[in-house]
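Some notes on the structure that comes next.
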Amino acid sequence: MAMKTKLYHKLQSTTTKNPQWNTLLRELANKSLFTNALSVYLQMLRSGAFPNAFTFPFALKSCAAVSLPTTGKQLHCHIIKTGCLLEPFVQTSLISMYCKCSLIDNARKVFDENPQSRKLTVCYNALLSGYALNSRVKDAVVLFCEMRELGVEINGVTMLGLVPVCGVPGNLGLGMCVHSFCVKFGLDMDSSIGNCLLTMYVKTGEIDCGRKLFNENPRKGLITWNAMINGYAQNGLANNVLELYEEMESKGVCPDPLTLVGVLSSCAHLGALSVGRKVERKMEDFGFGSNPFLNNALINMYARCGNLTKARDIFDGMPVKSVVSWTAIIGGYGMHGQGEVAVELFDEMIRSRIRPDGTAFLSVLSACSHAGLTNKGLNYFGVMERKYGLRPGAEHYSCMVDLLGRAGRLKEARELIESMQVKPDGALWGALLGACKIHRNVELAELAFERVIELEPTNTGYYVLFSNVYTEAGNLEGILRVRTMMRERKLKKDPGCSYVESKERVHLFFAGDRNHPQTNEIYKKLDELENLVKDLDGSKKNDHERREEYLDSMGVHSEKLAVAFSLLNTKKETEIVIIKNLRICRDCHLFIKLVSKIVYRQFVVRDATRFHHFKNGFCSCKEYW
DNA sequence: CTAGGGTTAG
């Protein structure tokens, strides 16, 4: 009897206290102070107060936000003990928490074990968004069909869960089907769903469909602009990004960090340093200076635009460096041939207990391959799977083939290809083909070429590369065969070009180009340079190199024009961005290297091959000749 | 006093 009274009193006192605890918890959770909210929850338990159906949603939300699955499971136990599981609010939060902690099977179990879930739209919505989060396309679709069969009400939030599921390449059919559902339910005019559909289209690569939705949207919000800008950015349409960003500013829409991330990433692709600098200033004006996403994007932008010092400063100044920050700076050093620094940084990252992921490994492998650190690269490649359980993807294999191939270890490169589990892609055979060109292995080049054009039949760069293998072997018949092949397939080599950014403008050159207003000056300068270079390096050349030089002096490569232009118009280290089908040729590389020795000027050469979207003519100030 | 949702970096 005494016990009963004691318990009764305790319950009495705690029930009166509960609302206070709950209020505190709610306030913290709403202010995104999730860790604090969770410690308040623990304090509450210690003080003897009982959590109730009003407590759990906030505790679960906090748990989901900071992704603490263990705490989440404990909460689940408390919910069962207090008998709150049947509360719809609690149940939904619980499902959502498991989804956000990537414990989707636990979420499903909660859903299945409580028959009333199947009557509640909110429970379905929580689970559906969980499938979306974990990209379980099929499960999401099945769940949606089940809702329709059972006649569960479908609302806007349901579609917000379902639409992003379709945002994977190759799922356009499904995406359009879901889009038509939105129209059918009259939900497509909802601004959130409109944004979601837009994102879905750009993620499937249907950028034009996305743009159509964007244009048709009468009430574009910040998120709409961001979705379109980042959609362009993710599809490599950097010039469209800058154009749209300008339009956005002219309409007086204020950017947020997400906008600027997309813009910076496009500046990085284009080498548009001056626009990038403007964005950096804007970032500071708006007080986004310490946003980690933006700082990572800035590191990448400066690194790709050749200013490694600045990139390093930003990196060093970041109080918390994520694996993305490390990858950006490692990639930056790798890109500029400073493989040793890249490797050191990678090791330092591991020492500071940041776990590398696939992309981080890719950056260090590529750094090794460019700097000729073959054995280091092989070592990392081994560690990647053995120690970190990361299965190498096709891109890692391409990098390794490049690494081995450049070092002349063609046999090993070939063996690696034969041993790999993933399906080889074009880049992989292309890397082998490139290596065959360097090391003059015609036989293996023929095999690599055969494979690469099966996968990328319209990539003219590979035809040219292969024909150069024959050129070097003096095989005229081979050259002719490749040319015929190109003609039959109606392939024309895209003209390569190079550009230099100067005074807010992009100055673009094609080979033999005479369109630039300063053409005469540029050619005069180039002539001067060619002579200087010949004098400097003429003595120690073998016949082969002499012949190449001769062939080279026949053509005015776009790189050379860019170098001459930059000497005439810019004062400091200049970045020359090269857009060719494959990569800068050896001769131009040599030319630039020698010129920089003669004139004591650094040139940063960046190959933007994969991002050439110049067809619409980007220029940072919209003037373009 | 309570649940489900849209746009970011390497």
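Order of the sequence lines fixes the chain letters, A, B, ..., with proteins taken first and strands second; residue numbering starts at 1 for each chain. Side-chain atoms are counted along with the backbone in the values below, which use heavy atoms only and exclude waters and symmetry mates.
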Please determine if a side-chain N or O atom of A:K203 lies less than 4.0 Å away from the OP1 or OP2 oxygen of B:dT8.
-> yes
Examine the side chains of A:R26 and A:N30 and answer whether a donor and an acceptor come within less than 3.5 Å of each other.
-> no
Atom CD1 of A:I95 and atom P of B:dT2: how far apart are they, to the nearest Å?
-> 20 Å
Heavy atoms under 4.0 Å, any strand shown: does A:S363 hit a base, just sugar-phosphate, or nothing?
-> nothing
May I have the distance from A:K100 (atom NZ) to B:dA3 (atom P), rounded to whole angstrom?
-> 11 Å
A:T55 and A:N22 side chains, donor-acceptor separation under 3.5 Å = yes
Return the value, rounded to whole Å, for the distance between atom CG of A:L60 and atom P of B:dT2.
-> 16 Å
Let me know the distance between CG of A:L85 and P of B:dT2, rounded to the nearest Å.
-> 20 Å
Are the side chain of A:D425 and the backbone of A:L428 linked by a donor-acceptor contact shorter than 3.5 Å?
-> yes
Please give, in whole Å, the distance from B:dT2 C1' to A:L86 CG?
-> 16 Å
Counting just side-chain N and O atoms, does A:K220 come under 4.0 Å of either OP1 or OP2 of B:dT7?
-> no
Looking across every strand, which nucleic acid part, if any, lies under 4.0 Å from A:F58 by heavy atom: base, sugar-phosphate, or nothing?
-> sugar-phosphate
Would you indicate, yes or no, if B:dG10 has its OP1 or OP2 atom less than 4.0 angstrom from a side-chain nitrogen or oxygen of A:N300?
-> yes
So, for A:F111 and A:Y124, is the gap between ring centers shorter than 6.0 Å?
-> yes
Indicate whether A:F54 forms a stack on B:dT2; treat it as stacked only if centroid distance is below 5.5 angstrom and interplanar angle below 30 degrees.
-> no
Nearest to the side chain of A:L258, which nucleotide is it out of B:dT7, B:dG4, B:dG6?
-> B:dT7
Give a yes or no on whether the ring-centroid distance for A:F54 and A:F89 is below 6.0 angstrom.
-> no
Side chain of A:A126 only, please: which of B:dG6, B:dT7, B:dG4 is the nearest?
-> B:dG4
Would you classify A:A297 as touching base, sugar-phosphate or nothing, given that sugar-phosphate means primed atoms plus P, OP1 and OP2, and contacts are heavy atoms under 4.0 Å?
-> nothing
Have a look at A:T121 and say if it touches a base, only the backbone sugar-phosphate, or nothing, with a 4.0 Å heavy-atom cut-off.
-> base
Between the side-chain atoms of A:D357 and the base atoms of B:dG10, is any donor-acceptor pair under 3.5 Å?
-> yes
From CD1 of A:I229 across to C1' of B:dG6 the rounded distance in Å is 16 Å
Testing A:Y388, A:Y397, A:F361 for ring pair (Phe, Tyr, Trp, His ring centres under 6.0 Å) with A:F381, which one passes?
-> A:Y397
Of the listed nucleotides B:dT8, B:dG4, B:dG6, the one nearest the side chain of A:S191 | B:dG6
Heavy atoms under 4.0 Å, any strand shown: does A:N155 hit a base, just sugar-phosphate, or nothing?
-> base
Look at the side chain of A:D256 and the backbone N and O of A:T259, then say whether any donor-acceptor pair between them is shorter than 3.5 Å.
-> yes
What is the nucleic acid contact for A:V90, judged by heavy atoms within less than 4.0 Å: base, sugar-phosphate only, or nothing?
-> nothing
Which nucleotide in the list B:dA3, B:dC1, B:dA9 gets nearest to the side chain of A:F293?
-> B:dA9
Determine, answering yes or no, if A:F89 is stacked on B:dA3 under the 5.5 Å centre rule and the 30° plane rule.
-> no
Among B:dT7, B:dA9, B:dT2, find the nucleotide with the atom closest to the side chain of A:V261.
-> B:dA9
Rounding to a whole Å, what distance do you find between A:L187:CG and B:dG6:C1'?
-> 14 Å
Whole-Å distance separating the CD atom of A:E395 from the C1' atom of B:dG10 | 13 Å
Taking only N and O in the side chain of A:Q91, is any of them less than 4.0 Å away from OP1 or OP2 of B:dT2?
-> no
So does A:T92 reach the base of B:dG4 with its side chain, donor to acceptor, closer than 3.5 Å?
-> no
Which part of the nucleic acid does A:Q234 contact within heavy-atom distance under 4.0 Å: base, sugar-phosphate only, or nothing?
-> sugar-phosphate
Distance test, side-chain N/O of A:S129 to OP1/OP2 of B:dG5, below 4.0 Å = yes
